[in-house]
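Scroll down for the structure; my scribbles are underneath it.
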Amino acid sequence: MSYETVRAADPAVADALAAERDRQNDTLAMIASENHVSEAVLEAQSSELTNKYAEGYAGERYYGGCEHADEIENLAIERAKKLWGADHVNVQPHAGTQANMGVYLAMLEPGDKILSLELNHGGHLSHGHPANFTGQTYDVEQYYVDEDTGYIDYDGLEETAHEFEPDIIVSGYSAYPRDVEWERIQEVAEAVDAYHLADIAHITGLVGTGVHSSPVGIADFVTGSTHKTIRAGRGGIIMCDEEYADDIDSAVFPGSQGGPLMHNIAGKAVGFGEALEPEFEEYTKQVVDNASALGEQLQEHGFSLVSGGTDNHLVLVDLRESHPETTGKEAEEALEDVGIVLNANTVPGETRSAFNPSGIRIGTPALTTRGFEEEAIREVADLITRIVNNLADEDVKSDVSDRVDELTNEFTLYE
Ligand SMILES: *Cc1c(COP(=O)(O)O)cnc(C)c1O
């Protein structure tokens, strides 16, 4: 976008918006939770619907003038149902965290018990962290990944579930490179009479096309973000069986939100429509193939990966063996200097801290959107290696930075 109109009204904001567009164009986004939406989604998200109050649901709004809002929300819902095969869909949550909040509010009382994966092992703040409302409202116990294999410790999960007797078990993760045994977790949930919430925030797109196994129809509730592996713009979504539909809908509105962000729901409708096209299935396959290629190439260069590889869109590098003197933060900062943007991440059995952890998390959704395939991704792995092996070498940095410029010019993004 050119931001000409913003510039005429507000040059300071226009400058920052244009600079952000350029930053996205000129860097390689490898933050596993990020992606780039189409121009069509961008336009829908910046529509006049930002002006519209539409509290309630289609056909039963608390305001007049909602006929177009109704049409758009219904399109988003129908398309989501088709994409994920869900019975009931709520597209109003402002983001993934609010989607989880909707489920907790619908099914739990304050003080009820949540069993979830520990944050340092790949969980999410909204699964019961003390700094989040979930940790402050509910009684939380954690399960873990096996520190030797990097895979979920399903036996440990089962044992803890029987001891703790949770009201809800949360699956679905932020930094977990492997497929999830949804049915196994569902069996545990049923055995201890708990609900099962599968939070597919990271893998919504992969699940939608069947490139990743799906918890829909297995778990009681499935929540997601709409801006990670699916390119539908910033937002959240809840899916469930018809029997929970009313509870979920009223927990979202009026339970925890006011007017829905109808302009974002328009973005979701457009993005879900795009995701139903065959090209999107090809895209998600390429995301996974690219992550495998990235992981293999990094391993060739001596890096060790948590769990030894990946089944999805991300790899989690544990720097402790290959680069014992280098922290994830140092790697992140040096890579950002050359235009490769990713994030430091804790690893299972973390021996440093959450602020300066021992790993880096690297995802392929955004580069795949730009058209990167295996060969180019392997070259990016080579560039990452050169930087992490030579953190303070300015010649290496300037060399890699030049190559990043060439790659971003070759794989174009926004006009
Ligand atoms: C990203 C993420 C969320 C949602 O985050 P928002 O920023 O609120 O959209 C929820 N759960 C998991 C596991 C995530 O990775």
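Numbering of ligands and ligand atoms starts at 1, following listing order. The model shown is predicted, which means the values in this text are computed figures rather than measured ones.
Taken from NE2 in H196 to CD in Q186, the straight-line distance is 6.0 Å, to the nearest 0.5 Å.
For K82 and E78, the salt-bridge test fails: no basic side-chain N is under 4.0 Å from an acidic carboxylate O. Salt-bridge formation is not detected for the pair R320/E325: no Lys NZ or Arg NE/NH1/NH2 atom is positioned less than 4.0 Å from an Asp or Glu carboxylate oxygen.
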Could you pull out every N or O of ligand 1 that sits under 3.5 Å from a protein N or O, with the distance for each pair?
| residue | atom | partner | partner atom | Å |
| --- | --- | --- | --- | --- |
| ligand 1 | 8 (O) | G96 | N | 3.4 |
| ligand 1 | 8 (O) | T97 | N | 2.9 |
| ligand 1 | 8 (O) | T97 | OG1 | 2.7 |
| ligand 1 | 9 (O) | G96 | N | 2.9 |
| ligand 1 | 9 (O) | S225 | OG | 3.4 |
| ligand 1 | 11 (N) | D199 | OD1 | 3.4 |
| ligand 1 | 11 (N) | D199 | OD2 | 2.5 |
| ligand 1 | 15 (O) | S174 | OG | 2.6 |
| ligand 1 | 15 (O) | K228 | NZ | 3.1 |

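Judged as a ring pair (Phe, Tyr, Trp, His ring centres under 6.0 Å), the pairs with a partner in residues 150-175 (not counting sequence neighbours) are, in order, Y173-Y176.
Using bins of under 30°, 30° to 60° and over 60° for the plane-to-plane angle, the ring pair Y53/Y63 lands in the parallel bin.
Taking the six-membered ring for Trp and the full ring otherwise, Y104 and Y195 have centroids separated by 6.0 Å or more.
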